[in-house]
Each structure stands twice: as C-alpha cells, then as structure tokens.
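Step one of this worksheet: look at the structure below.
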There are 2 protein chains.
Amino acid sequence: MGRNLPNLNSIRAFEAVARHLSITRAAKELNVTQAAVSHQIKALETRMGVMLFRRHNKGLLLTKEGQAMVQPMTNAFDMIADATNLILNNEVQILKVSMLGSFAAGWLMPRLAGFYAEYPNIDIRILVTSKEFDFLKAGDVDLDLRYGDGKWPHVDSQKFMSEEIFPVCSPALLKGDIPLNSLDDLSQHVLLHDHKDIGWKEWLDDAGVKGIDYSRGPGFFQSHLTLQAAALGHGIALGRMPLVSESLQRGELVKPFDISLPTGMGYYMVNIDTTSDKSKIRAFTNWLKEEVRIFEE
Amino acid sequence: MGRNLPNLNSIRAFEAVARHLSITRAAKELNVTQAAVSHQIKALETRMGVMLFRRHNKGLLLTKEGQAMVQPMTNAFDMIADATNLILNNEVQILKVSMLGSFAAGWLMPRLAGFYAEYPNIDIRILVTSKEFDFLKAGDVDLDLRYGDGKWPHVDSQKFMSEEIFPVCSPALLKGDIPLNSLDDLSQHVLLHDHKDIGWKEWLDDAGVKGIDYSRGPGFFQSHLTLQAAALGHGIALGRMPLVSESLQRGELVKPFDISLPTGMGYYMVNIDTTSDKSKIRAFTNWLKEEVRIFEE
DNA sequence: CTTGGCGATAAAATTAATTAATTCTTCATA
DNA sequence: TATGAAGAATTAATTAATTTTATCGCCAAG
C-alpha cells in the first residue's frame with residue numbers, strides 16, 4: 001500500500017504547534033527546544049511546498065492549508081496513542097528476576113520506581129537468592145542477576161557491572177577523636193571484615209599501605225552486617241560498590257579515601273527463560289544497562 | 001496534551017509488517033532494507049515490553065497485542081496520508097522562475113520531471129530571459145536563476161553551480177580522418193567560437209598548449225549556435241558546463257579531452273518575491289541544490 | 001545433504017534530529 | 001525614537017537514530 005506519508009516527526013511537531021499556536025509551548029510539550037520544533041516545521045512546510053503557518057505579530061496563525069491538516073492529524077495521533085495505551089495498560093507483563101538480597105536493597109530497589117514509570121505494563125517480581133542461583137528451581141524465573149566472576153560453564157551471561165571495594169565508615173567517625181586524614185591513620189582504627197576473598201589485605205596492598213595488621217578486627221558473615229557495624233561507628237569496613245551505593249547516598253556511610261580497587265568480580269545478567277516474550281526481558285535489561293551507565297558516569 | 005506516543009517510525013514499520021505479515025515485503029514497501037525493518041520492530045517490541053509478532057517457521061503471525069494494534073494504526077496512517085494528499089493535490093502552487101534559455105534547455109528541463117514527481121502540487125513556470133534579468137518587470141517572478149559572477153550590488157544571491165569550459169565536438173569528428181588524440185592535434189581542426197570573455201585562449205593557456213592560433217575559426221553570437229555547429233561536425237567548440245550537459249548526455253557531443261577550466265562565472269539563485277509563501281521556493285531551491293550535488297558527483 | 005528464502009544480528013556508515021548560541025522581528029514602554 | 005522583552009528563525013556543531021552491509025542461523029523443499 002504505497003502510501004505517500006510525510007515525515008511523521010514533523011507532523012507530530014506540526015500538530016503540537018497547531019494546538020498551541022506557539023512553537024515555544026509546543027516545544028515544551030514535546031520536551032525539546034524551540035529550535036528543534038522550528039526546524040521541523042520549516043522542513044515540513046518545505047516538503048509540502050505550502051506554508052502551514054502565517055507568522056504574525058503575536059504568535060502564529062494557521063494558513064488555510066494548515067487549518068485543513070490539524071484535525072485529521074490530531075485524530076490520527078489520538079488513535080495511535082489510544083491503541084498504544086490500551087496495550088500498555090491492559091496487558092500487564094510479569095517479569096521475574098532473581099538476585100542477591102544485598103544487590104536488591106543496596107542498588108536496584110531505589111531505582112526501580114524509574115522503571116515502573118517508564119514501563120507501566122511490566123511488573124518486576126524480585127526473587128531473592130542466597131548464594132548461587134539454584135538451577136533446579138529455575139522454572140519460574142525469567143532473568144537472573146548473578147554475582148561472580150562470569151565463569152559459569154554452559155551459561156550465557158552478560159556482565160553489566162563490576163565490583164569495586166573501598167573503605168567506608170560512619171560520618172560520625174570522621175569527626176571523632178581519632179584522626180582519619182591519611183592512609184596511615186587506618187592503623188588507629190578498627191577494621192571490620194566480611195568473608196569475601198578480596199578484602200582488606202588486597203585493598204591495603206593496592207593502596208600501598210604498609211605496616212598495618214590487616215587481619216585484626218571483627219568479621220561478619222554477611223556484608224550487610226559489616227556495613228551496619230560501620231554505620232554504627234564501630235570501625236571502618238570495606239564497602240563493595242554496587243552494594244554500598246544506597247548507604248552512601250543516604251549519608252549513613254562515607255568514603256574517607258578515594259582509592260577503590262576492582263575485585264574482578266561483577267554482576268551478570270543470565271537469561272533463564274529462553275522461550276518466548278523476549279521483549280519484556282529486553283525492556284528490563286536495556287533499562288538496567290542504561291541505569292548502570294548513568295550510575296557510573 | 002501530554003500524549004505518550006511511541007516512536008512513530010517504528011509504528012509505521014509495524015503497520016507495514018502487520019499488513020504483509022512479512023518483514024521482507026514490508027521493507028520493499030518502505031524502500032528500506034529488511035534489516036532496517038527488523039531493527040524497528042525489535043525496538044518497538046522492546047519499548048512496548050510486549051512481543052507483537054510470533055516468529056514462525058514460515059512467515060510471521062501477530063500476537064494478541066499485535067492484533068489489537070494493527071487496525072487503529074492503519075486507520076491513523078490512512079488519515080494522515082489522506083489529509084496530506086488533500087493539500088498536495090488540491091492546493092496547486094505556481095512558482096515562476098526566470099533563467100536563460102540555454103540553461104533551461106541545456107540543464108534544467110530534462111531534470112524537471114523529477115521535480116514534478118516529487119512535488120506534484122508545485123507547478124514550475126519558466127520565464128526565459130535574454131541576457132540580464134530585467135528588474136523592472138520582476139513583479140511576477142518568484143525566483144531568478146542568474147548567470148554571472150555573483151557581484152550584483154544590493155542583490156541577495158546564492159551560487160548553486162560554477163561554469164567550466166572544455167572542448168567538445170561531434171563523435172563523428174573523432175572517427176574522421178584528422179586525428180584528435182593529443183592536444184597538439186587541435187591545430188589541425190577548426191575552432192568554433194562564442195562571444196564570451198573566457199574562451200579558447202584561456203583554455204589553451206590553461207592546458208599548456210602553445211603555438212596554436214586560438215583566434216582562427218568562425219564565431220557565433222549565441223553559444224547555442226556554436227554548439228550546433230560543433231554537433232554538425234564543423235569543428236571543435238568550447239562547451240560550457242551546465243549548458244552542454246544535455247548534448248553530452250544524448251551523445252550529440254563528446255569531450256575529446258578531460259581538461260576543464262572554471263571560468264569564474266556561475267549560476268546564482270536570486271529571490272525576487274520576498275513576500276510570503278517561501279515554502280514553494282524552498283522546495284524548489286532545495287531540490288535544485290540536490291540535483292546539482294548529484295550532477296557534480 | 002545442499003540450496004534458497006527469511007528473519008536476526010553486529011558493526012559501521014549514513015541521515016536525521018537536536019542543541020547552543022545568536023540573530024531577527026515585532027511590539028510595548030520608557 | 002530608543003530600549004527591551006518575547007518569540008521565531010538561523011547556523012554550525014553535536015548527538016542520536018536509522019539504515020546498510022555483511023553474515024549467521026533456521027527450516028523446509030529439492
């Protein structure tokens with residue numbers, strides 16, 4: 001059906017300008033600059049070979065040709081919007097994603113509202129896993145956000161974030177009696193440990209700090225508890241980067257030094273349900289990658 | 001009216017694919033590659049968070065969601081196309097353009113069909129001028145395509161093509177008894193002259209040919225007659241580039257050498273009617289510039 | 001087994017859209 | 001009249017979106 005459609009984006013711009021009779025206001029509605037809309041209108045007029053607006057003292061007026069276009073275009077766009085919204089509102093998709101609780105609480109959850117706003121038809125169900133994803137119970141999960149080194153045989157994974165570690169402590173500790181200005185001051189403080197492979201030893205080595213007994217201080221079996229202890233001012237913990245994001249954001253923890261060390265570990269997306277309906281998964285993974293991009297810049 | 005419209009180009013691609021139930025056929029209709037349409041569909045599905053087609057062994061099938069979208073989208077695009085065509089077919093614009101007859105015949109006319117095809121609502125009326133455009137009678141011309149050096153005081157002109165000169169002769173002459181292989185062979189031939197400032201002397205100087213009496217041979221008062229004489233095999237003329245374009249195209253004349261000399265003269269667009277309805281003028285001048293671009297590449 | 005048709009994909013290239021920074025116009029007001 | 005404010009137009013540059021090219025994989029028909 002060889003229709004001879006004009007450029008649809010120009011038409012959209014035209015329709016908005018015609019409703020407002022103002023390029024500036026149309027630009028606001030379309031969330032672009034006034035210049036962008038002006039360009040679109042000019043291009044459309046050139047392509048049609050007809051002026052659509054009469055430029056006037058105060059504002060614009062539609063020409064006869066412009067007049068004739070407004071109503072059909074408005075109707076057409078309403079139609080498109082209605083059909084789209086029907087699907088976006090009625091067809092709620094459920095996307096089941098598994099991940100570590102620490103990742104959910106420390107990084108993902110606070111961002112998820114943005115996803116809901118952008119994809120009102122996709123409902124994310126978070127399944128919290130303890131350590132490694134249990135393949136045997138994988139039947140009802142679409143996507144796994146997995147922590148590790150990416151070396152899982154026969155698993156098609158895609159990295160989306162790298163882990164980094166750096167010291168964190170409560171802001172009160174910084175203002176306390178014991179100074180924490182130089183790296184050497186660390187020796188005066190309690191070091192809090194978690195039970196991960198890369199820890200204080202590696203960070204101190206990387207930072208070039210010598211003569212500190214990196215093994216002293218209490219250890220916790222969950223990173224979460226270590227961070228809590230740090231937030232309570234009990235000492236200095238090694239924060240892990242996506243995980244401490246929220247605590248830093250809220251000011252519960254601060255970064256006394258700006259030296260951070262990649263641990264070689266990271267977060268990976270693993271597609272579990274390889275059957276149909278890839279679109280909801282793509283929608284989520286694209287959004288996730290974009291959030292990471294923003295987070296890291 | 002903050003509608004939440006999806007990307008309109010994807011929607012157009014979707015509508016075409018849905019009608020054909022084939023990406024390849026839709027791509028043909030849209031005059032793009034199959035890959036382009038595939039990308040658009042994927043992007044739309046991702047953005048909607050819903051699969052619109054079920055990929056099948058043979059061809060595609062619409063999903064429930066896809067089904068729901070087709071009819072409204074088809075209607076919407078029909079509406080847009082109808083409104084557009086109404087203007088394009090009913091509102092015929094007349095654009096009056098003046099130019100030298102030699103330019104019209106030698107370059108513009110054969111291309112004009114392309115303009116009519118692209119802008120069915122704009123009717124070009126060509127007014128042939130003899131030498132210089134007569135400003136006193138300018139009232140009923142929108143645009144002047146003027147030949148010269150561009151130095152017209154108080155005239156807002158924009159160059160769109162440069163003139164170049166080079167020898168041309170009839171193809172029969174090349175096959176004749178007198179050879180025309182090297183520049184020196186020119187001395188064996190009749191040189192045909194027109195009455196322009198830059199001519200055989202300048203071209204021969206530029207080509208580094210010495211010892212040829214550049215003034216011998218008959219002269220004609222109109223370039224057109226000079227070229228006609230050359231086409232009849234009466235000798236070798238200096239062709240001027242936009243003007244001999246058609247004769248070269250049709251094979252009436254050929255270029256024995258590949259040395260061409262810019263004369264410093266050229267063709268300029270001069271806006272005469274500065275009042276309203278710039279769009280038809282822009283449509284024509286944009287098209288003209290594009291034709292020149294294609295011509296010169 | 002091959003072959004051919006069709007869709008998906010990745011990377012690169014090309015186009016189109018957008019912005020930032022001005023400029024131009026047209027009043028309204030000092 | 002100046003002067004300034006508000007909105008549209010413009011230009012050049014940048015950024016984003018689209019398209020292509022080339023290739024792969026799948027499946028069905030020979």
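Letters go in sequence order (proteins before strands), and every chain restarts at 1.
In the displayed structure, Gln249(B) atom CD is contacted under 6.0 Å by at most 12 heavy atoms of other residues, nucleotides or ligands.
The side chain of Thr24(B) places an N or O atom within less than 4.0 Å of a non-bridging phosphate oxygen (OP1 or OP2) of dG7(C).
dA9(D) atom C1' lies 12 Å from atom CD of Glu45(A), rounded to whole Å. A straight line from CG of Leu30(B) to C1' of dT18(D) spans 13 Å, rounded to a whole angstrom. Here the P atom of nucleotide dC27(C) and the CZ atom of Arg55(A) are 15 Å apart, to the nearest Å. Atom CG of Leu60(A) is separated from atom P of dG7(D) by 11 Å (rounded to the nearest Å). Leu61(A) has its CG atom 14 Å from the C1' atom of dT26(C), to the nearest Å. Atom P of nucleotide dT10(D) and atom CG of Asn271(B) are separated by 12 Å, given to the nearest angstrom. What separates CZ of Arg47(B) from P of dT18(D) is a distance of 14 Å, to the nearest Å. Counting to the nearest Å, the P atom of dA17(D) and the CD1 atom of Ile11(B) are 16 Å from each other.
Gln93(B) and Tyr119(B) are not linked by any side-chain donor-acceptor pair at a separation below 3.5 angstrom, with hydrogens and angles left out of the test. Inspection of the Gln34(A) and Thr24(A) side chains reveals no N or O donor paired with an N or O acceptor under 3.5 Å.
Listed for the Asn121(A) side chain is a donor-acceptor partner under 3.5 Å among the backbone atoms of Met48(B). A donor-acceptor contact shorter than 3.5 Å links the side chain of Lys280(A) to the backbone of Ile94(A). Looking only at distances, no side-chain donor or acceptor of Arg3(A) sits under 3.5 Å from a matching main-chain atom of Ala81(B). Side chain of Thr63(A) to backbone of Met51(A): a donor-acceptor contact under 3.5 angstrom is found.
Counting only heavy atoms from C-beta outward, the side chains of Glu291(B) and Leu112(B) never approach each other to under 4.5 Å.
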Which letters describe nucleotides 9-24 of chain C, given B = protein heavy atom under 4.0 Å from base, S = only from sugar-phosphate, - = neither? BBB-----SBBB----
Contact state string [nucleotides 24-30 of chain D, B base, S sugar-phosphate only, - no protein heavy atom under 4.0 Å]: ---SS--
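Under the 6.0 Å cut-off for aromatic ring centres, Phe103(A) and Tyr147(A) do not qualify, their centroids lying 6.0 Å or more apart.
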